A.B. asks: 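So that we are looking at the same thing, I have put the structure below in structure tokens.
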There are 2 protein chains.
Amino acid sequence: MRKNSDQCQFVVALDSIVGKWKPLILYHLLQGKPLRFNELRRLLPDITQRMLTLHLRELEEEEIVKRVVYPQIPPKVEYSITEYGTSLSPILETLHQWGVAHVERKQLKKEKNERTETD
Amino acid sequence: MRKNSDQCQFVVALDSIVGKWKPLILYHLLQGKPLRFNELRRLLPDITQRMLTLHLRELEEEEIVKRVVYPQIPPKVEYSITEYGTSLSPILETLHQWGVAHVERKQLKKEKNERTETD
DNA sequence: CTGAATCCTGCCCGATACTG
DNA sequence: CAGTATCGGGCAGGATTCAG
């Protein structure tokens, strides 16, 4: 340890963000409104219950997401972004912008290739 | 497709960055100086040849990294960041800052817990 | 020195069924 | 409604060997 101990901290940050569904979960929670379990499920059509719970637990563990249980029947649980969690917002925003640009770039390149092929 | 097609683009960005060693590779190449294959290996003490080549190929594929072969014996290959690749710099920087803060936060919390336990 | 080719392994995630 | 429990597959990544 300690070798690159300071330089590698983006790996730490990535760990909090990476996971097949975490970025999407965060995206929705960062809208600000608390969401119930099944609301999140509906917003992420292809996620399984299992993965949703697992990822939420991990985010909760890092205090990025807050879980509030309303003791009632039927159960009601709300998930929301913590204040600390909002500090991820600029990261996601930057990633999103870069992603959009990257896709456009690829698209342009593809079109260019197709044009030169038909010459 | 197209469901969240615009919102999910951070996933695209993450794909370019994620991979066990990609962030480290990028970190070193973003220093600006072109690096030879074995120089990178030395900088990433625990990476295997296989993973280094694979990750470099992926980065090259996305035009984030440029590969220059000097036809000579023994072979010499230099990797450097492309101009396009430098656009990742702010992302890595933001991630790094957040990572550092996140680790510190965890550390503080741990110390606090240890203190209350010994009460 | 810079790889490519195989083989192997862990573990992330998915599918499904069950519960308070 | 909001979860657990269990089983299994796929794929990223590691170890090793060969090659120009």
Side-chain angles (χ1 to χ4, degrees), chain A residues 3-4 8 10-12 14-29 33-62 65-81, chain B residues 3-4 8 10-29 33-62 64-81:
Chain A
K3 27 189 176 184
N4 294 329
C8 326
F10 28 58
V11 180
V12 175
L14 281 173
D15 277 345
S16 303
I17 290 178
V18 167
K20 185 161 181 185
W21 305 97
K22 273 189 199 173
L24 277 311
I25 294 173
L26 288 173
Y27 169 79
H28 288 296
L29 289 180
K33 198 161 64 96
L35 293 171
R36 301 181 59 170
F37 189 80
N38 273 359
E39 286 180 313
L40 274 169
R41 266 196 18 168
R42 270 188 290 278
L43 291 169
L44 278 46
D46 295 336
I47 198 171
T48 60
Q49 281 191 345
R50 171 190 161 78
M51 290 320 294
L52 183 52
T53 32
L54 284 181
H55 279 156
L56 284 171
R57 290 291 180 282
E58 290 175 25
L59 292 169
E60 192 190 349
E61 173 79 13
E62 309 205 340
V65 159
K66 186 173 50 185
R67 179 173 179 261
V68 179
V69 182
Y70 296 86
Q72 61 185 49
I73 308 291
K76 174 178 174 185
V77 179
E78 275 188 349
Y79 294 91
S80 55
I81 201 85
Chain B
K3 27 186 177 191
N4 294 328
C8 321
F10 28 59
V11 180
V12 175
L14 280 172
D15 277 345
S16 303
I17 290 179
V18 167
K20 185 161 181 187
W21 305 96
K22 272 189 200 172
L24 277 311
I25 294 174
L26 288 173
Y27 169 78
H28 289 296
L29 289 180
K33 198 162 65 96
L35 293 171
R36 301 182 57 171
F37 189 81
N38 273 359
E39 287 180 312
L40 274 169
R41 269 212 341 176
R42 271 189 290 277
L43 292 170
L44 280 43
D46 295 335
I47 198 173
T48 60
Q49 283 190 345
R50 172 189 159 78
M51 290 320 295
L52 183 52
T53 28
L54 284 181
H55 279 155
L56 283 171
R57 289 294 180 281
E58 290 175 24
L59 292 169
E60 192 190 349
E61 173 78 13
E62 310 206 337
I64 292 168
V65 159
K66 185 173 49 185
R67 178 171 178 262
V68 178
V69 183
Y70 296 86
Q72 60 185 49
I73 308 290
K76 174 180 173 182
V77 180
E78 274 187 348
Y79 294 91
S80 56
I81 201 82

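Order of the sequence lines fixes the chain letters, A, B, ..., with proteins taken first and strands second; residue numbering starts at 1 for each chain. Because the structure is predicted, anything quoted here is derived from the model rather than measured.
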A.B. asks: Apply salt bridge (Lys or Arg N to Asp or Glu O under 4.0 Å) to residues B:E78 and B:K66 and explain how you reach the verdict.
C.D. replies: CA-CA 8 Å; B:E78 274 187 348; B:K66 185 173 49 185; over 6 Å; no
A.B. asks: Hey, are the side chains of B:K22 and B:I17 touching, using non-hydrogen atoms and a 4.5 Å cut-off?
C.D. replies: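 Not touching, per the 4.5 Å side-chain cut-off.
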A.B. asks: Can you tell me if CD on A:Q72 sees more than 12 non-hydrogen neighbours from other groups inside 6.0 Å?
C.D. replies: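 It does: A:Q72 CD has more than 12 such atoms within range.
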A.B. asks: I need the CZ-C1' distance between B:R67 and C:dA4, as an integer number of Å.
C.D. replies: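 About 12 Å, once rounded to whole Å.
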A.B. asks: Determine the sole option in B:I25, B:L40, B:L44 for which the side-chain contact (heavy atoms from CB on, under 4.5 Å) test with B:H55 is passed.
C.D. replies: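 The passing option is B:I25.
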A.B. asks: According to a strict under-4.0 Å criterion, is A:Y79 in side-chain N/O contact with OP1 or OP2 of D:dC1?
C.D. replies: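 So the side-chain polar atoms of A:Y79 never come under 4.0 Å of the phosphate oxygens OP1 or OP2 of D:dC1.
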A.B. asks: Please determine if a side-chain N or O atom of B:R57 lies less than 4.0 Å away from the OP1 or OP2 oxygen of C:dG3.
C.D. replies: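 So the side-chain polar atoms of B:R57 do come within 4.0 Å of the phosphate oxygens OP1 or OP2 of C:dG3, strictly under.
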A.B. asks: In whole Å, what is the span from the CD1 atom of B:I47 to the C1' atom of D:dG14?
C.D. replies: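 It works out to 11 Å between those atoms.
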A.B. asks: Verify the contact: side-chain N or O of A:R36 to OP1 or OP2 of D:dA2, cut-off strictly under 4.0 Å; return yes or no.
C.D. replies: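 So the side chain of A:R36 is within the cut-off, an N or O lying under 4.0 Å from OP1 or OP2 of D:dA2.
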A.B. asks: Between P on C:dT2 and OH on B:Y70, what's the gap in Å once rounded to a whole number?
C.D. replies: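 That distance rounds to 12 Å.
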A.B. asks: Starting at the 5' end of DNA chain C and moving along, which residue's nearest nucleotide shows up first, A:K20 or B:P74?
C.D. replies: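 Closest to the 5' end, via its nearest nucleotide, is B:P74.
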A.B. asks: Nearest whole Å is fine: how far is C:dT2 C1' from B:L35 CG?
C.D. replies: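 That distance rounds to 15 Å.
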A.B. asks: Could you please name the option among C:dG14, D:dG3, C:dC1 that lies closest to any side-chain atom of B:P75?
C.D. replies: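 Among C:dG14, D:dG3, C:dC1, the one nearest the side chain of B:P75 is C:dC1.
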A.B. asks: Find out whether A:Q49 and A:R41 are in side-chain contact, i.e. whether some heavy atom of one side chain is under 4.5 Å from a heavy atom of the other.
C.D. replies: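 Yes, their side chains come closer than 4.5 Å.
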A.B. asks: Please state how far atom CG in A:L40 lies from atom P in D:dG3, giving the value in whole angstrom units.
C.D. replies: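 Rounded to the whole Å, the gap is 10 Å.
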A.B. asks: How many whole angstroms separate atom CD of A:E60 from atom C1' of D:dA2?
C.D. replies: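 Distance check: A:E60 CD to D:dA2 C1' gives 13 Å.
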A.B. asks: Any residue in residues 48-55 of chain B with a heavy atom nearer than 4.0 angstrom to DNA chain D? Just list them by number, or reply none.
C.D. replies: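 Per residue number, the list reads B:T48, B:R50, B:M51, B:H55.
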A.B. asks: Round to a whole Å and report the spacing from CD of B:Q72 to C1' of D:dG20.
C.D. replies: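 After rounding, the reported distance stands at 14 Å.
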A.B. asks: Look only at the side chain of B:E60 and the backbone of B:R57, and say whether a donor-acceptor pair between them is shorter than 3.5 Å.
C.D. replies: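 No, the answer is negative, given that no donor and acceptor are paired below the 3.5 Å cut-off.
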A.B. asks: Roughly how many Å is it from CD1 in A:I73 to P in C:dT19, rounded to a whole number?
C.D. replies: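 Between P of C:dT19 and CD1 of A:I73: 17 Å.
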A.B. asks: Taking atom NZ as the centre, does B:K76 end up with more than 12 heavy-atom neighbours from other residues, nucleotides or ligands that are less than 6.0 angstrom away?
C.D. replies: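 Result for NZ/B:K76: enclosed.
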A.B. asks: OP1, OP2 of C:dT2 versus side-chain N and O of B:R41: anything below 4.0 Å?
C.D. replies: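 No, because none of the side-chain N or O atoms of B:R41 sits under 4.0 Å from OP1 or OP2 of C:dT2.
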